Amino acid sequence: MTAPAPRHAREALALVTDDFAELPAPPAASGGDGPIGWPGYGRSRAAAGARTGTPESVLCGTGTVGGARTVLVSFEFGFLGGSIGEGTGDRVAAAHAHAREHRLPVTVLLATGGSRMQEGMRALAQLQRLAGESARTRAAGLAQLAVVCDPTTGGGWATLGAGADVVLALPGAQVGFAGSRVRPADADPAAYTAESQYAHGHVDAVVPPAELRAVLGRWLGLLAGPAADAVPPPYALGATDAAASGREAVARARRPERPRADRYLEAVFTERAELSGDRAGGTDPGVRCGFGRLPDGRTAAYAAQCGTATRPAGFRTAARLVRLAGRLGVPVLTLIDTPGAANDAAAERAGAGPAIADLFGAVAEAPVPVTALLIGEGGSGGALALAAPGRTWAAPDAYFSVIAPELAAAILKRPPEEADALADALRLRPADLVDLGVVRGVVGAAPGAPAP
């Protein structure tokens, strides 16, 4: 089944809810030709209202999406290009106030060309106002989601869109700070699309209209019910016997068939929704971040390395996840599995050091419990950044080391064949890590689980 992309505010609302109830509108802002006396503005505004059936560029109300209540703000592009003016600001501010009063998340369905030219700087100043409302709602611990429709440009994208906790976009939507009429003549139009914004880490998912209600409902449901306590460390899914030596521990962790993050996530959560991107231009497919439902119905967040060298975007995405979970009161599970941080020139230029530092800080400052499980390779600081001080466990087929044995040999100017002996000397086995006080324990298999 396919569904057309919405062209109007009420069509966008109908895609996601069947019970939209509009909130009372605040008193009208300036009348006539507006705050700067733009000739003919009053007539244009009246004509736009008659044509669209809405007195402003937004409809604000409440509705149920996938069983979860939310405040909904839907932009009407047919009303002066969905532009943001004083009246828009009044309505969105009232919607956020209602959300905070009733402890509801805010969902914005965006379709806007930016600030309303006919109101001059009074219109542009609404962006600060919207950012302030968003900040107050964020401080109240409430989630904010954005659905980016076609087009979404200018200040609307730079505040209500890109500033949301979770950003979904409709396929083919024009998305970017610069609208089509104000870009450089030689600008690549493909850069200003939902797909490009997703590829570069600014959008979490591109969702077809027919799937939007289900996807948005899943997100709202997950963000509404955080678990009260720390996530217990998952059971081991691979080997359960102890490694006899350091070299055996390294060999086990590097086995291609060893259970990876996907298998652990499937075992821990009954459903998941994933974030994508670091909001700074990058993505890392080797780091999975998102929110999932535990068997008891409550929600936990996760950041999981998938066995590859973690890139700066991966560390930044994980830090984004930890901070969002902390603000929403959601406990975090991290799965550690990396040979180390990416160390090529591109990673250095992308800020590997600052990205790792930021994740260390996010974990250290987290106001919610963070549980970490070492499920494979634990290569140096790139792995330790996801470890929770005092709440890290290890699977039996894993290792944690200050440096990979091969690199230790290189630094010590020893022949490569001495790497095995150095693996023993580094005391990197799970049992060694317990003795050293680095991890709390080694997890076993689930009761009744068949032998791997």
Side-chain angles (χ1 to χ4, degrees), residues 143 165-166 201 204-205 219 222-223 226-227 230-234 259-269 271-280 282-294 299-342 352 354-395 398 400 439:
D165 300 319
V166 178
D204 291 299
W219 269 112
L222 285 170
L223 297 181
V231 182
R260 307 283 168 157
D262 279 345
R263 283 186 57 187
Y264 277 92
L265 293 174
E266 289 170 3
V268 171
F269 298 108
E271 70 170 333
R272 305 194 306 272
E274 294 209 340
L275 300 172
S276 178
D278 63 0
R279 297 299 185 264
T283 62
D284 181 356
V287 177
R288 306 281 294 276
C289 295
F291 291 76
R293 196 174 304 282
L294 298 167
T299 298
Y302 61 86
Q305 292 169 316
C306 299
T308 58
T310 302
R311 305 205 65 79
F315 293 116
R316 283 193 287 262
T317 304
R320 174 191 165 207
L321 178 282
V322 171
R323 289 197 172 98
L324 174 57
R327 185 163 54 75
L328 298 179
V330 179
V332 178
L333 170 67
T334 67
L335 300 177
I336 302 166
D337 185 8
T338 180
I356 295 170
D358 189 46
L359 180 54
F360 270 123
V363 172
E365 297 166 352
V368 294
V370 179
T371 300
L373 177 63
L374 174 68
I375 64 171
E377 291 196 81
S380 195
L384 189 65
L386 267 76
R391 287 197 57 83
T392 296
W393 282 260
F400 220 146
V439 303

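Source: prediction; values computed, not measured.
Comment: R311 does not engage D278 in a salt bridge, judged by the lack of any side-chain N to carboxylate O separation of less than 4.0 angstrom. Under the 4.0 Å criterion applied to side-chain N and carboxylate O atoms, D165 and R320 are not assigned as salt-bridge partners.
Of all heavy-atom pairs between D284 and A309, the closest is OD2-O, 4.4 Å. For the residue pair L328 and A143, the shortest heavy atom distance occurs at CD2-N, 3.7 Å. Considering every non-hydrogen atom in both T299 and P331, the closest pair reads O-CD, 3.9 Å. Across all non-hydrogen atoms, the minimal contact from L335 to A261 is CD1-O, 4.1 Å. The minimum heavy-atom distance between F400 and G378, with the atom names listed, is CD2-O, 3.2 Å. Contact detail for A325 and V332: the closest heavy-atom pair is CB-CG2, 3.6 Å.
Between V363 and L386 the shortest side-chain heavy-atom distance does not fall below 4.5 Å. Residues P234 and L333 are in side-chain contact: their nearest non-hydrogen atoms beyond the backbone lie under 4.5 Å apart. The shortest side-chain heavy-atom distance between F315 and D358 does not fall under the 4.5 Å cut-off.
Distance check: T283 OG1 to R316 CZ gives 11.0 Å after rounding to the nearest 0.5 Å. Between T317 atom OG1 and L275 atom CG the span is 8.5 Å, to the nearest 0.5 Å. To the nearest 0.5 angstrom, T308 atom OG1 is 9.5 Å from R260 atom CZ. I375 contributes atom CD1, which lies 6.0 Å from atom OH of Y264 (distance to the nearest 0.5 angstrom). Distance CZ/F269 to CZ/F291: 10.0 Å, rounded to 0.5 Å. In this structure, the separation between OG1 on T392 and CG on L373 is 9.0 Å, given to the nearest 0.5 Å.
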Chi angles and distances behind the side chain to side chain contact (heavy atoms under 4.5 Å, CB included) call for L384, F360: CA-CA 8 Å; L384 189 65; F360 270 123; 4.0 Å; yes

Criterion side chain to side chain contact (heavy atoms under 4.5 Å, CB included) on R293 and L222, from CA distance to verdict: CA-CA 7 Å; R293 196 174 304 282; L222 285 170; 3.8 Å; yes

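Remark: side-chain polar atoms of T371 are paired, donor with acceptor, to backbone N or O of V231 under 3.5 angstrom. Checking side-chain atoms of R279 against main-chain N and O of G201 turns up a donor-acceptor pair under 3.5 Å.
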